[in-house]
Structures are given as structure tokens and as C-alpha cells.
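A short write-up of the structure that comes next.
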Amino acid sequence: MLDRLRLAGDEFAEGIFERCGVQHRHLELSDEFLDLTLQGRTARIEDDLMRHSIHAIDAVEIDPARIGTVLSATLYSLGGPTLAHRIVEHFRMDPATDKYHVTGVGCASGVPLMRLASQALAAHPERDVLVVAAESMSGVLTRARSGDPRAKTVGSAIFGDGCSAALLSADPRADGPSILASQVHQIGGTLDAVSLRFDNDDSYLHLARELPDLAGAGLGEVVDRFLRRNRLGRSQVDHWVVHPGGRRIIENMRDALELSDEDVALSWSVLADHGNVGTPSIFYVLKDTIERRAPEPGEHCLMVTIGPGVTVGMMLLGW
């Protein structure tokens with residue numbers, strides 16, 4: 001990666017890559033791809049997003065005839081028709097299927113996506129809702145240039161491509177947890193902390209140095225208020241699904257919520273194995289929680305996301 005992005009020999013870059021906690025990532029960084037302009041990458045990125053979405057949807061074994069709504073999301077998209085439209089077409093769903101595509105929410109997408117999905121399900125409980133979160137962080141990675149801000153180097157060290165799919169159903173025989181409550185909380189005065197920076201031939205996702213501190217400041221109080229409204233305290237949360245946004249993000253959220261290393265172990269694992277994959281990141285941790293922690297009936301799980309805005313997302317799940 002250091003060689004490919006022309007960062008080899010850069011002391012700051014090599015230190016960041018060594019300490020960031022990422023061991024493996026999926027990325028498209030061939031010379032051919034890196035030589036393309038950002039606009040020139042569009043068709044390739046849209047095709048990759050669709051290919052990964054098909055793979056993820058196939059894994060959840062949907063019945064296309066039962067889908068009433070498709071919600072898709074990416075951090076950004078220059079293509080059209082949207083990913084949701086292409087999914088409906090590919091799987092030959094009812095032409096009347098509702099379809100929506102969300103952009104710009106990035107790592108904070110998990111909670112609002114599931115919240116919108118649950119609202120759609122409540123309106124039409126006889127039809128399932130498909131959620132697809134897909135990301136091509138490769139699309140905003142470019143080779144290093146003289147005078148690059150350090151934020152670009154940090155992003156080059158942690159971001160990866162990823163995709164996840166979730167199926168929501170009102171069928172009482174359905175597997176998986178129930179959505180009990182959700183809320184988003186936007187921190188005022190932080191719009192510049194996470195932003196996409198573009199010019200004619202360069203781009204990167206800017207993460208302010210103080211972002212982890214912003215994520216942790218007041219997080220305990222925000223989470224406690226949310227839990228109190230649902231007649232719970234932190235000690236009654238059996239499983240914590242914390243956004244694997246980066247080393248300092250996980251550490252600050254752990255400390256702010258007074259969690260143990262074991263509570264956030266799966267977040268560390270996802271960061272190591274996939275990097276920060278943006279929009280679908282929290283679903284990776286949720287999947288591992290279900291498969292590796294095997295929640296039992298009566299247990300509670302709290303998803304906590306951090307993303308552009310700066311926005312905190314909280315979703316309470318029950319088994």
C-alpha cells in the first residue's frame with residue numbers, strides 16, 4: 001500500500017500504517033485505476049458496488065417477490081440510476097417496489113437506514129425490506145502528492161471497500177434480533193470534522209484530528225439518556241456493537257462508555273480484518289456479534305455509530 005500510494009519512506013505515513021490497527025483490506029488500487037480521474041472511475045465503481053451488493057444479497061437468501069422496499073446507501077455516488085434501482089432490476093422485483101438511495105451519511109448510516117427500514121416495514125408489514133450498505137473507499141484514494149494534508153495519509157491507512165445486506169421482516173418466524181428503539185444525535189458545530197475533499201485530480205475523506213475526542217465527549221450522557229428512555233442502564237446491555245472507525249475512535253468510545261476491552265473486541269477484529277469500510281462498517285460488527293457471541297433470548301444489544309455530522313447513532317436490539 002505504501003509503495004502503491006507513493007508513501008514509502010514517508011516517516012509519518014509509515015508510523016500511521018504501523019499503528020492504525022488495520023492488517024487486511026479489500027481495495028481496488030491497480031495502476032490502471034489510480035491513473036483514472038475521479039470522474040473516470042465512476043462506471044467502474046458503480047459496477048463494483050453492484051457486484052458486491054449481489055453477493056451480499058445472495059447470502060441473506062431473499063425472496064424477491066416479498067420485497068416491498070429497497071434501501072441502499074453509499075458515502076457518495078456519481079452514478080445513476082441508483083444502486084437501489086439496479087438491485088430491483090437485477091432481482092426482477094415488483095416494478096412497484098419502493099426504492100431509495102442515501103448518500104453522504106457514511107459511517108453513521110447504519111442506524112438511520114435500519115430506522116427507515118423499520119418504518120417502511122411498519123407501513124407494509126406483509127412485505128419485507130431489504131437494506132444494502134455498499135462502499136468503495138477506493139474511489140477516493142489517490143496517490144500522495146507534495147504538500148498533502150496528514151488527514152489524507154490517515155485515510156489511506158484505514159479505509160477499505162465493503163458491502164453488507166440486511167433483511168427486515170415482520171414474520172414472527174424470522175431469525176435475528178428485533179429493533180426495539182433507535183435515535184440519532186448530531187453534535188453541534190462539528191460539520192467540518194468529517195468531510196469529502198475534492199479538486200480536479202485529487203480527493204480524500206478528511207477526518208479532523210480531534211474527531212475521536214469529539215466522538216467520546218459527552219457520549220456517555222447521550223447513551224445513558226437513550227437507555228433511560230427505554231428503561232435500561234449500561235449494565236443491562238449484554239452486547240456492545242461499536243463503530244470500528246479507527247484505533248482512536250474505538251479507544252475513545254470504549255473509555256467514554258466505560259466498556260471493557262472484551263466489550264469492543266469484535267470492533268477491533270473488524271478493523272483489523274477489513275479496515276474502516278464506511279457505510280457498512282457497523283453491520284460487520286453486528287454480524288460477528290450474532291455469529292460469535294450467540295445472543296440468547298432476553299438479551300439486549302446496543303449499536304453505536306459515529307459518522308459525518310458529527311452524528312451519533314444508537315439502536316437497541318433485543319433477542
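Start at 1 with the first residue, then count along the sequence. Keep in mind that the numbers below use all heavy atoms, side chains included, and drop hydrogens, waters and symmetry copies.
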Single-linkage hydrophobic cluster V184~V131, side-chain heavy atoms < 4.5 angstrom
yes

Go through the steps to decide whether T142 and K152 satisfy the test side-chain contact (heavy atoms from CB on, under 4.5 Å), and finish with yes or no.
CA-CA 9 Å; T142 56; K152 178 179 174 180; 3.1 Å; yes

Is there side-chain contact between L113 and Y100, with heavy atoms separated by less than 4.5 Å?
no

Is the count of non-hydrogen atoms from other residues, nucleotides or ligands lying under 6.0 Å from E11 atom CD greater than 12?
no

Could you check N252, V312, D224 and say which one makes a side-chain contact (heavy atoms from CB on, under 4.5 Å) with L219?
V312

Do the charged groups of R44 and D47 touch, with an N to O distance under 4.0 Å?
no

Could you walk me through whether E296 and W319 pass side-chain contact (heavy atoms from CB on, under 4.5 Å), step by step?
CA-CA 6 Å; E296 298 181 354; W319 271 263; over 6 Å; no

Pairing donors with acceptors under 3.5 angstrom, does anything connect the side chains of E135 and T74?
no

Whether the side chain of N276 engages the backbone of G245 through a donor-acceptor N/O pair (distance < 3.5 Å, no angle test) should be reported.
yes

Examine distances only and state if a side-chain atom of R86 and a backbone atom of E46 form a donor-acceptor pair shorter than 3.5 Å.
yes

Looking only at side-chain N and O atoms, does D48 offer a donor or acceptor that is under 3.5 Å from a partner on S136?
no

Is a side-chain N or O of D288 found less than 3.5 angstrom from the main chain of V285, in a donor-acceptor match?
no

Please examine the side chains of L316 and F226, heavy atoms only from C-beta on, and report whether any two atoms are closer than 4.5 Å.
yes

Is it the case that over 12 heavy atoms from other parts of the model lie below 6.0 angstrom from the CG atom of D175?
no

Assess whether salt bridge (Lys or Arg N to Asp or Glu O under 4.0 Å) is satisfied between D263 and R254, documenting all intermediate values.
CA-CA 8 Å; D263 287 328; R254 177 200 62 195; over 6 Å; no

Polar side chain donor-acceptor pair, K99 to S72, under 3.5 angstrom:
no

Start with the C-alpha distance between E262 and R293, add both sets of side-chain angles, then the distance that settles salt bridge (Lys or Arg N to Asp or Glu O under 4.0 Å), and finish with yes or no.
CA-CA 11 Å; E262 179 62 19; R293 297 287 171 84; 3.1 Å; yes

Given side chains that start at C-beta, do those of V129 and V70 come closer than 4.5 Å, heavy atoms only?
no

Report yes if the side chains of H239 and E299 come closer than 4.5 Å at any heavy-atom pair, otherwise no.
yes

Test of understanding: clusters of I, L, V, M, F, W, Y form through side-chain heavy atoms closer than 4.5 Å, transitively. Do I158 and W268 belong to the same one?
yes

With a 6.0 Å cut-off (strictly less than), is the heavy-atom count around CZ of R229, excluding the residue itself, greater than 12?
yes

Note: R143-D31 ion pair, threshold 4.0 Å (strictly below):
yes

Does some side-chain heavy atom of I67 sit less than 4.5 Å from a side-chain heavy atom of R127?
no

Going by an N to O cut-off under 4.0 Å, is there a salt bridge joining R228 and E221?
no

Under a 3.5 Å threshold, yes or no: a donor from one side chain and an acceptor from the other, between R115 and Q183?
no

Same apolar cluster: F159 and Y76, side chain cutoff 4.5 Å:
yes

Evaluation steps, side-chain contact (heavy atoms from CB on, under 4.5 Å), between T311 and I187
CA-CA 6 Å; T311 301; I187 303 171; over 6 Å; no

Would you say M253 and I306 make side-chain contact, with heavy atoms under 4.5 Å?
yes

Do L271 and Y284 have side chains that get closer than 4.5 Å, going by heavy atoms?
no

Any side-chain heavy atom of P308 sitting closer than 4.5 Å to one from V105?
no

